[in-house]
Amino acid sequence: MTTRSDTTTALNRLLAEIEHRNPAQPEFHQAAHEVLETLAPVIAARPEYAEPGLIERLVEPERQVIFRVPWQDDQGRVHVNRGFRVEFNSALGPYKGGLRFHSSVNLGVIKFLGFEQIFKNALTGLGIGGGKGGSDFDPHGRSDAEVMRFCQSFMTELYRHIGEHTDVPAGDIGVGGREIGYLFGQYRRITNRWEAGVLTGKGQGWGGSLIRPEATGYGNVLFAAAMMRERGEDLEGQTAVVSGSGNVAIYTIEKLAALGANAVTCSDSSGYVVDEKGIDLDLLKQIKEVERGRVDAYAKRRGASARFVPGGRVWEVPADIALPSATQNELDEADAETLIRNGVKAVSEGANMPTTPEAVHLLQKAGVAFGPGKAANAGGVAVSALEMAQNHARTSWTAARVEEELTHIMNDIHTTCHETAERYDAPGDYVTGANIAGFERVADAMLAQGVI
Ligand code: GLU
């Protein structure tokens, strides 16, 4: 009989091996650590999961593609970026996950995102495997024509690896409707096929789903609302701090307002805005979605209620709930201490791995409800899977129908995480609940499908 401590020892040995075999990939090590450190109870309780090689297969991507992406800027200068697609696990369905275009992208970042995506996608219950891709290309400050040429070059290599039944990319940081449009156009041109289900996040009118742009932010607020309900409260009248000002942050702020909460911050890499009257969404959307500008412009145009704090972090603004919606490791131990001191009740991750492990432990120890990204931000990929379903049936659903499905899915994920945590003696620990519930679904499929 395997005991919990034998299992923990074996998992620690495996983690050391992961670090050794994947040098210079700190984000991937962190993501693997965060999952594996919670799995000992389930592996000890269910001997089939201790089968040699199961976890080893889970932490090794099925396929990793790295390619050259040459393109010309408006002055005719040639740039050479690097493209990635990590096809991590397809036990539950075609690889599914976004593309990130940002200067910080490297193989380790894409592997951490792809690894998280396996469990997130499993939690949706929608039959999608895990993958992720992207490039160290930064679209900021580039003209539409430059972005188009980059996307065309990127897809000229990527097209051979993807397909509606193989691998279905979507957006992530730096990849929105504009980029998906250029990528889809090039895929269609090269393959001479109308294959709507090859990418999600498409424009409405050519295969996109209503509510897909809103889904990650809306879903995260629904998850936060479910955590608050569990504590006997709701979002009405609560003050929220939100970081970021991209797609996730914008629709987080929108849904908070719809549920009666007040989001008072947003941010970008230059600093943050605090608006005591609550963020004016029309102004923020105009600056970010139309003008593709920075958040300091918001403070300048909003008037007396708002100010811009250069270089600061939103976590210093007192709030009842915090929704990190920018990027990885943006909320550290010191930030967690500040949030706790200011009486935060819930933290729900709209971004992928925005909270450092030390900060997660501190928040949980202080009794703060903590929703990990792989559960809390699964609404985006869930609606992507609904987009695939609509494409397959050659139909499109109303916004009300998509939103109703999204609400069911987020509530189901919350219940699954909550119940799984209780089952493994970790009541209220959504991290353990999400990891174990996601793991069980993937591991069961991998065991049934043999050693591949
Ligand atoms: N990039 C999003 C995520 O982190 C969405 C992925 C998708 O829609 O495939 O889950």
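The structure displayed is predicted, hence computed values, not measured ones. Note that ligands are numbered from 1 as they come in the structure, with each ligand's atoms numbered from 1 the same way.
Numbered from 1 in the order shown, with element, the atoms of ligand 1 that lie under 4.0 Å from a heavy atom of Arg212 read 5 (C), 7 (C), 8 (O). Against a heavy-atom cut-off of under 4.0 Å, Ser384 is close to the following atoms of ligand 1: 7 (C), 8 (O), 9 (O). When each atom of ligand 1 is checked for a heavy atom of Ala170 under 4.0 Å away, the hits are 7 (C), 8 (O), 9 (O). Listed by atom number, the atoms of ligand 1 under 4.0 Å from Lys120 heavy atoms are 3 (C), 4 (O), 10 (O). In summary, the atoms of ligand 1 found under 4.0 Å from a heavy atom of Lys132, numbered by their order in the structure, are 1 (N), 3 (C), 4 (O).
Checked against Thr200 for a side chain to side chain donor-acceptor pair (under 3.5 Å), the options Lys96, Arg212, Glu387 give a single hit: Lys96.
Inter-residue side-chain proximity for Val175 and Arg100 is flagged as unmet; no heavy-atom pair is nearer than 4.5 Å. Within the 4.5 Å cutoff, no side-chain heavy atoms of Val221 are placed close to those of Tyr251.
Lys374 and Asn435 share a side-chain donor-acceptor pair at under 3.5 Å. Inspection of the Asp167 and His161 side chains reveals no N or O donor paired with an N or O acceptor under 3.5 Å.
Tyr95 meets the ring pair (Phe, Tyr, Trp, His ring centres under 6.0 Å) test with no other residue; sequence neighbours excluded.
In this structure, atom 9 (O) of ligand 1 lies nearest to the protein heavy atom Lys96 NZ, 2.7 Å. Given atom 6 (C) of ligand 1, the protein heavy atom at minimum distance is Gly98 N, 3.6 Å.
Residue contacts with ligand 1 for Asn352 involve side-chain atoms from C-beta outward but no N, CA, C or O (heavy atoms, distance under 4.0 Å).
For Arg100, the heavy-atom gap to ligand 1 stays at 4.0 angstrom or more. Gly171 counts as a contact of ligand 1, since one of its heavy atoms falls under 4.0 Å from the ligand.
For Tyr430 and Phe223, the ring centers sit closer than 6.0 Å to each other.
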